[in-house]
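Notes follow once the structure below has been shown.
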Amino acid sequence: MNTIELSEQYLMKTYGHQPVAMRSGSRSVCAAEDGKSYIDFGSGIGVNSLGYCNADWADAVCAQVREIQHTSNYYFTGVQAKFAQQLCTMTGYSRVFLGNSGAEANECAIKVARKYSFDRYGKGRGTIITLQNSFHGRTLATLAATGQDVFHNYFFPFPEGFAYAEANNLADLQAKLDGTVCAVMMEMIQGEGGVNVLDRDYVQAAAKLCAQQDILLIVDEVQTGVGRTGTFLASEQFGIKPNITTLAKGLGGGLPIGACLVDAVCADTFGIGTHGSTFGGNPVACAGATAVLERVSEPGFLESVMDKGAYIREALESCPEVEEICGLGLMIGIRLKTMKATDVLAAARNAGLLVLTAKDKVRLLPPLTISKEELDAGLEILLQILNP
């Protein structure tokens, strides 16, 4: 049996697989087992931030594998410590907890917020408000935190203690701050919800409300962080500094890692035994993530992300089929007038271009390092599909 047949037989059917078996990749192009090549405008849902098999990233990972691959968090490792220092320094946070995914980072944030509130106010103040149309993960707690009814099914009972406010509606949020709330959790851009950018005024007003009532503000930057929007954190473009920021996806450059960053207000909330992870902060993952941070922090890198995003927008704006372009930097959503996003995805794949969808939109998350030549080749395919 081939790869697809083996997968269909032995893997749980939890994914809507595309009929492609990947074999290798370089820069922003990947190759399938049948020899067909694809320009990747999805980068593994924003994970391959430096593209496929970036040389510096691969060298760092391979060197670490040959030195020590795992120790458990009973012990210190230099690569983990230096990565934590670099990440906190770049973001201005006090401490970080390292896990393995965005869902784990968000679980950590939920626990920090509830313990912070319990330590100061006791029981009865553990509600976390998230926004309608949000997405925060697929564990039971992060599913409960996700503000989409489509995810609230099958797995009952869900953990309690979550409420949902309408995005960009400050009055609705304010009405739900009823004395039981310990945190407000939001994405600056609702990625899985349709690449919906929050209003800057709303975000700033919400942050002010939280500060006034000693309610922690959590920003989920699992998809928007690590330079994806043209600043290292998307929240920088909204003029706020959340108490807690979560990262994952592009942080590891292709290896599983999640990070929950906390400011001085809640830096000492956790003590020994209050949280943990066997694999969190794994030396190999930290080596890869360090390579990502070093590249993203190079002079001009983030500006290049902004420029590439503007280049894509300019190429698409004149297309008659395009109704709306949303997002920031290299996180782009495209609403179409007559075509279905799923049909565009299939047509693009057949033509050698990988894109994503989000609700009814085509979603683009190309590698941050994508070249102009690769962009032009991919945009040519996409525009040919949108302008048949």
Side-chain angles (χ1 to χ4, degrees), residues 25-29 39-61 82-93 96 188-189 191 195 197 200 219 221-241 245 247-255 257 259 261 286-317 325-333 363-379:
S26 177
R27 299 175 62 186
S28 299
V29 178
I39 300 168
D40 191 354
F41 274 17
S43 62
I45 318 183
V47 168
N48 294 334
S49 48
L50 304 184
Y52 288 96
C53 305
N54 173 271
D56 293 335
W57 177 88
D59 287 346
V61 168
K82 291 174 184 176
F83 168 68
Q85 177 192 35
Q86 187 173 0
L87 184 59
C88 288
T89 300
M90 287 181 67
T91 57
Y93 281 96
V96 62
M188 297 294 93
I189 306 174
V195 198
V197 184
R200 193 172 191 270
V219 172
E221 297 235 22
V222 168
Q223 191 166 139
T224 58
V226 199
R228 172 56 58 185
T229 66
T231 49
F232 189 79
L233 299 178
S235 60
E236 297 173 46
Q237 298 182 53
F238 291 77
I240 63 164
K241 180 64 181 297
T245 290
L247 299 171
K249 289 193 182 294
L251 183 59
L255 290 175
I257 191 169
L261 290 151
C286 285
T290 298
V292 171
L293 294 188
E294 289 174 351
R295 182 65 188 276
V296 171
S297 62
E298 288 178 357
F301 185 91
L302 292 173
E303 290 81 358
S304 76
V305 173
M306 288 283 200
D307 291 343
K308 291 170 188 175
Y311 186 77
I312 294 172
R313 286 171 173 270
E314 184 178 356
L316 293 171
E317 280 172 351
I325 304 171
C326 53
L328 294 171
L330 286 175
M331 183 176 183
I332 295 173
R363 177 172 43 155
L364 308 181
L365 298 170
L368 306 183
T369 53
I370 192 168
S371 68
K372 183 178 183 298
E373 293 73 22
E374 291 165 331
L375 270 179
D376 284 340
L379 286 170

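Numbering starts at 1 and runs along the sequence shown. Here the structure is a predicted model, which means the values were calculated and not measured.
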Report task. Please list, chain by chain and in numerical order, all residues satisfying side-chain contact (heavy atoms from CB on, under 4.5 Å) with Val47, sequence neighbours excluded. Result -> Lys249
Query - Separation between CD1 of Ile312 and CD1 of Ile325, rounded to the nearest 0.5 Å - result: 9.5 Å
**Report entry** Leu379 to Ala315 - nearest heavy-atom pair and separation
**Finding:** CD1-CB, 3.9 Å
**Report entry** For the student: nearest non-hydrogen atoms of Arg228 and Leu330, plus distance
**Finding:** NH1-O, 2.8 Å
**Report entry** SG-CE distance between Cys88 and Met90, expressed to the nearest 0.5 angstrom
**Finding:** 11.5 Å
Query - Shortest non-hydrogen contact from Phe83 toward Cys286 - result: CD2-SG, 3.9 Å
Report summary line: Heavy atoms of Ala248 and Val226 approach each other most closely as O-CG2, 4.5 Å
Between side-chain atoms of residues 299-309 and protein atoms elsewhere (two or more places apart, or another chain), which donor-acceptor pairs fall under 3.5 Å?
from	atom 1	to	atom 2	distance (Å)
Ser304	OG	Phe301	O	2.5
Lys308	NZ	Leu368	O	2.8
Lys308	NZ	Ile370	O	2.8

Query raised in the report: Are Glu236 and Thr229 side-chain neighbours, meaning at least one heavy-atom pair lies under 4.5 Å?
Result: no
Report summary line: Residues at least two apart in sequence or cross-chain that pass side-chain hydrogen bond (donor to acceptor under 3.5 Å, both in side chains) with Thr91, listed by chain then number, are none
Requested in this report: Ignoring hydrogens and angles, tell me if any N or O in the side chain of Lys82 forms a donor-acceptor pair with the backbone of Thr290 under 3.5 Å.
Outcome: no
Query raised in the report: What residues form a salt bridge (charged side-chain N to carboxylate O under 4.0 Å, His left out) with Glu298, not counting sequence neighbours?
Result: Arg295
Query - Donor-acceptor contact present, side-chain Ser43 to main-chain Ser49, <3.5 Å - result: no
Query - Any residue meeting side-chain hydrogen bond (donor to acceptor under 3.5 Å, both in side chains) with Thr224, in chain and number order, not counting sequence neighbours - result: Glu221
Report task. Compute whether any side-chain donor of one residue and acceptor of the other, for Glu374 and Ser28, lie under 3.5 angstrom apart. Result -> yes
Query raised in the report: Who passes side-chain contact (heavy atoms from CB on, under 4.5 Å) against Val195, sequence neighbours left out?
Result: Ile189, Cys326, Met331, Ala358, Arg363
**Report entry** side-chain contact (heavy atoms from CB on, under 4.5 Å) against Ala259, all qualifying residues, sequence neighbours excluded
**Finding:** Leu87, Val96, Leu98, Leu247, Leu251
Query raised in the report: Taking all non-hydrogen atoms of both residues, which atom of Leu365 and which atom of Gln223 are closest, and how far apart?
Result: CD1-OE1, 3.6 Å
Report task. Using salt bridge (charged side-chain N to carboxylate O under 4.0 Å, His left out) as the criterion, list what pairs up with Asp376, not counting sequence neighbours. Result -> Lys372
Query - Closest non-hydrogen atom pair between Ala291 and Trp57, with its separation - result: CB-CA, 3.8 Å
**Report entry** Contacts of type side-chain hydrogen bond (donor to acceptor under 3.5 Å, both in side chains), residue Asp40, not counting sequence neighbours
**Finding:** Tyr52
Report task. Hey, could you give me the CZ/OG1 distance between Phe232 and Thr245, rounded to the nearest 0.5 Å? Result -> 10.0 Å
Query raised in the report: What pairs with Ser26 under side-chain contact (heavy atoms from CB on, under 4.5 Å), at least two apart in sequence or on another chain?
Result: none
Query raised in the report: Rounded to the nearest 0.5 Å, how far does CG of Asp56 lie from CG of Leu50?
Result: 8.5 Å
Query raised in the report: Looking at side-chain heavy atoms only, is the closest gap between Leu233 and Phe238 below 4.5 Å?
Result: no
